[in-house]
Amino acid sequence: MQTVQQILEHNQIPSSLAETINTVLNASKDIAFLLQKGGMGDILGCAGQENVQGETQKKLDVISNDMLKDALKACPAVAGIASEEEDLPVAGNAGGEFLVIYDPLDGSSNIDINVTVGTIFSILPSNGGNPAEEATYLQKGRNQLAAGYVLYGPSTLLVMTTGQGVDIFTLDPDTKEFVLTQGQAQITPTTKEFAINMSNQRFWAEPMQNYVADMLQGEEGPLAKRYNMRWIAAMVAEVHRIINRGGIFMYPWDSREPNKPGKLRLMYEGNPMAMLVEQAGGLATNADIAIMDIQPELIHQRVPVVLGSKQEVEIALSYHK
Ligand code: AHG
Ligand code: MN
Ligand code: MN
């Protein structure tokens with residue numbers, strides 16, 4: 001079986017970028033090991049502090065952030081990093097070619113109930129910019145050189161793109177290598193499965209209200225399909241389901257915090273997932289334009305997300321026109 005290193009070589013990925021990706025993967029293996037220790041280590045529960053977005057940090061949010069940060073700062077190819085759990089960007093190495101932006105632990109409310117979580121990463125060129133300055137990082141998702149996630153579930157999986165399709169790797173517990181288990185994954189263009197946090201329904205804008213109401217009407221409604229619904233509360237697991245069997249995932253704008261568009265963050269959730277979804281033949285939008293075409297204004301900026309099977313996302317978009 002082919003390892004991730006062999007695939008990177010086969011795809012002629014420059015060694016400095018491969019080294020950066022490997023640094024993320026090595027840290028993620030350590031995170032997977034720690035997660036498996038669960039209640040045996042002092043790693044569950046809250047850290048007793050909040051991140052820049054006012055969210056209570058779990059101990060594992062902090063630990064996994066530090067593991068990635070320490071590993072990446074020691075990687076010569078990394079100019080700088082930005083993380084969900086860091087208020088400000090962190091400078092790496094002078095002469096480094098890449099910026100690594102990450103969500104160290106996505107779905108962290110799932111940790112304490114032993115349900116799937118993941119690490120999401122996005123790699124951008126540093127273009128010689130000052131890695132201590134936020135402006136250096138504010139590049140459109142289209143600039144991403146690589147994006148992916150590591151899913152800590154029953155198996156530990158890596159789902160990654162370097163712009164040549166989406167490959168899925170499984171962490172072999174014996175050799176500790178990620179080996180290719182599904183090459184060139186494609187998202188089925190149609191679906192009867194949607195994912196949205198229905199408890200926020202009354203806060204959504206009218207087009208989203210109308211679309212979901214029509215889905216709920218099933219065969220008798222205008223969409224003439226009986227839909228099923230899923231909500232795992234971890235974007236990483238929702239996107240993984242969609243890559244495997246199609247679907248539409250939405251975290252739309254809502255009126256709870258009208259000045260913040262939705263809950264998910266553009267630079268370390270929206271953009272990397274959008275690159276994966278587009279590379280697998282799906283669509284990823286903010287209900288208006290492609291997520292990767294949005295010009296970021298802040299590292300921690302939020303974005304409404306409507307992504308998944310191409311034809312279903314087009315239906316969702318038609319309600320917003
Ligand atoms: P994080 O754990 O990194 O803060 O992200 C959680 C996100 C996302 O993964 C998930 O889709 C969403 O929050 C769930 O939100 P609700 O709790 O509002 O359903
Ligand atoms: Mn997240
Ligand atoms: Mn997180």
Side-chain angles (χ1 to χ4, degrees), residues 24 27-28 31 34-35 43-47 49-69 81-87 100-122 147-153 159 193-204 208 212 229-243 247-257 260-274 276-277 284 286 291 299-308:
V24 173
S28 77
I31 295 170
L34 211 58
L35 285 166
I43 56 169
L44 304 183
C46 292
Q49 59 199 59
E50 286 184 351
N51 66 17
V52 67
Q53 300 157 77
E55 299 163 337
T56 303
Q57 288 177 311
K58 298 273 186 186
K59 278 185 198 159
L60 267 168
D61 286 324
V62 176
I63 296 168
S64 54
N65 179 57
D66 289 346
M67 288 163 84
L68 281 156
K69 182 173 68 174
I81 61 172
S83 160
E84 177 184 352
E85 308 302 342
E86 296 285 336
D87 301 5
V100 183
I101 308 182
Y102 59 85
D103 177 352
L105 215 54
D106 176 65
S108 47
S109 72
N110 282 348
I111 297 167
D112 293 337
I113 54 169
N114 200 28
V115 172
T116 298
V117 292
T119 296
I120 309 173
F121 62 93
S122 161
Y149 58 80
V150 176
L151 189 80
Y152 311 107
V159 179
E193 200 159 64
F194 72 93
I196 194 165
N197 185 335
M198 283 295 298
S199 68
N200 297 326
Q201 181 173 24
R202 67 189 187 283
F203 303 113
W204 300 334
M208 190 53 67
V212 175
M229 197 200 90
R230 287 286 182 270
W231 190 251
I232 309 173
M235 185 193 202
V236 75
E238 318 273 6
V239 169
H240 193 65
R241 183 185 61 251
I242 288 172
I243 287 175
I248 186 166
F249 167 85
M250 294 171 284
Y251 212 118
W253 173 92
D254 68 48
S255 62
R256 286 175 299 171
E257 292 178 283
K260 293 181 183 168
K263 177 174 184 190
L264 300 174
R265 279 59 53 105
L266 173 62
M267 300 217 64
Y268 40 83
E269 293 173 319
N271 276 336
M273 292 312 203
L276 289 166
V277 167
N286 65 354
I291 287 176
I299 281 177
H300 297 290
Q301 127 180 25
R302 300 189 189 208
V303 66
V305 172
V306 175
L307 63 74

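As the structure lists them, so they are numbered: ligands from 1, and atoms in each ligand from 1.
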Practice item. Indicate yes or no: does an N/O atom of Lys263 lie under 3.5 Å from an N/O atom of ligand 1? Key: yes

Could you tell me if [Y] and [X] have a donor-acceptor pair between their side chains, going purely by distance under 3.5 Å?
{"X": "Asn271", "Y": "Ser122", "answer": "no"}
{"X": "Gln57", "Y": "Glu50", "answer": "no"}
{"X": "Arg265", "Y": "Gln53", "answer": "yes"}
{"X": "Thr119", "Y": "Tyr152", "answer": "yes"}

Protein contact to [atom] [nearest heavy atom, distance to 0.1 Å]:
{"atom": "atom 19 (O) of ligand 1", "result": "Asn197 ND2, 2.8 Å"}
{"atom": "atom 5 (O) of ligand 1", "result": "Asp106 OD1, 3.1 Å"}
{"atom": "atom 18 (O) of ligand 1", "result": "Tyr251 OH, 2.5 Å"}
{"atom": "atom 11 (O) of ligand 1", "result": "Met235 N, 3.4 Å"}
{"atom": "atom 7 (C) of ligand 1", "result": "Leu264 CD2, 3.8 Å"}

Check your understanding: Going by an N to O cut-off under 4.0 Å, is there a salt bridge joining Lys263 and Glu257?
Key -> no

Point to revise | Cationic N near anionic O, under 4.0 Å, Glu238 to Arg230 | key: no

Can any side-chain N or O of [X] pair as donor or acceptor with the backbone N or O of [Y] at less than 3.5 Å?
{"X": "Asn65", "Y": "Val62", "answer": "no"}
{"X": "Asp103", "Y": "Tyr268", "answer": "no"}
{"X": "Asn110", "Y": "Thr116", "answer": "yes"}
{"X": "His300", "Y": "Asp87", "answer": "yes"}

Point to revise | Minimum-distance N/O/S atom that Asp106 presents toward the Mn ion (ligand 2) | key: OD1

Point to revise | Heteroatom of Glu269 nearest to the Mn ion (ligand 2) (N, O or S, atom name) | key: OE2

Please list, in number order, the atoms of ligand 1 under 4.0 Å from a heavy atom of [X].
{"X": "Asp103", "result": "3 (O)"}
{"X": "Leu105", "result": "2 (O), 3 (O)"}
{"X": "Glu269", "result": "3 (O), 5 (O)"}
{"X": "Arg265", "result": "1 (P), 3 (O), 4 (O), 5 (O)"}

Check your understanding: Does the shortest distance from the Mn ion (ligand 3) to an N/O/S atom of Gly107 fall below 2.8 Å?
Key -> no

Exercise for review: Give a yes or no on whether the ring-centroid distance for Tyr251 and Trp204 is below 6.0 angstrom.
Suggested key: no

**Study point:** Gly107, Ser199, Ser109, Gly262: member with heavy atom nearest to atom 2 (O) of ligand 1
**Key:** Gly107

**Study point:** Short N/O/S contact of Glu84 with the Mn ion (ligand 2) (below 2.8 Å)
**Key:** no

Practice item. Record the part of Ser108 in heavy-atom contact with ligand 1 below 4.0 Å; permitted values are side chain, backbone, both and neither. Key: both

Review point. Counting only heavy atoms, which portion of Glu85 has something under 4.0 Å from ligand 1: side chain, backbone, both, or neither?
Key: neither

Point to revise | ligand 1 contact by Met273, heavy-atom criterion under 4.0 angstrom | key: no

Check your understanding: Is ligand 1 less than 4.0 angstrom away from at least one heavy atom of Glu238?
Key -> no

Point to revise | Heavy-atom side-chain proximity of Phe249 to Met273 below 4.5 angstrom | key: no

Review point. For the Mn ion (ligand 3), what is the closest N, O or S atom on Asp103?
Key: OD1

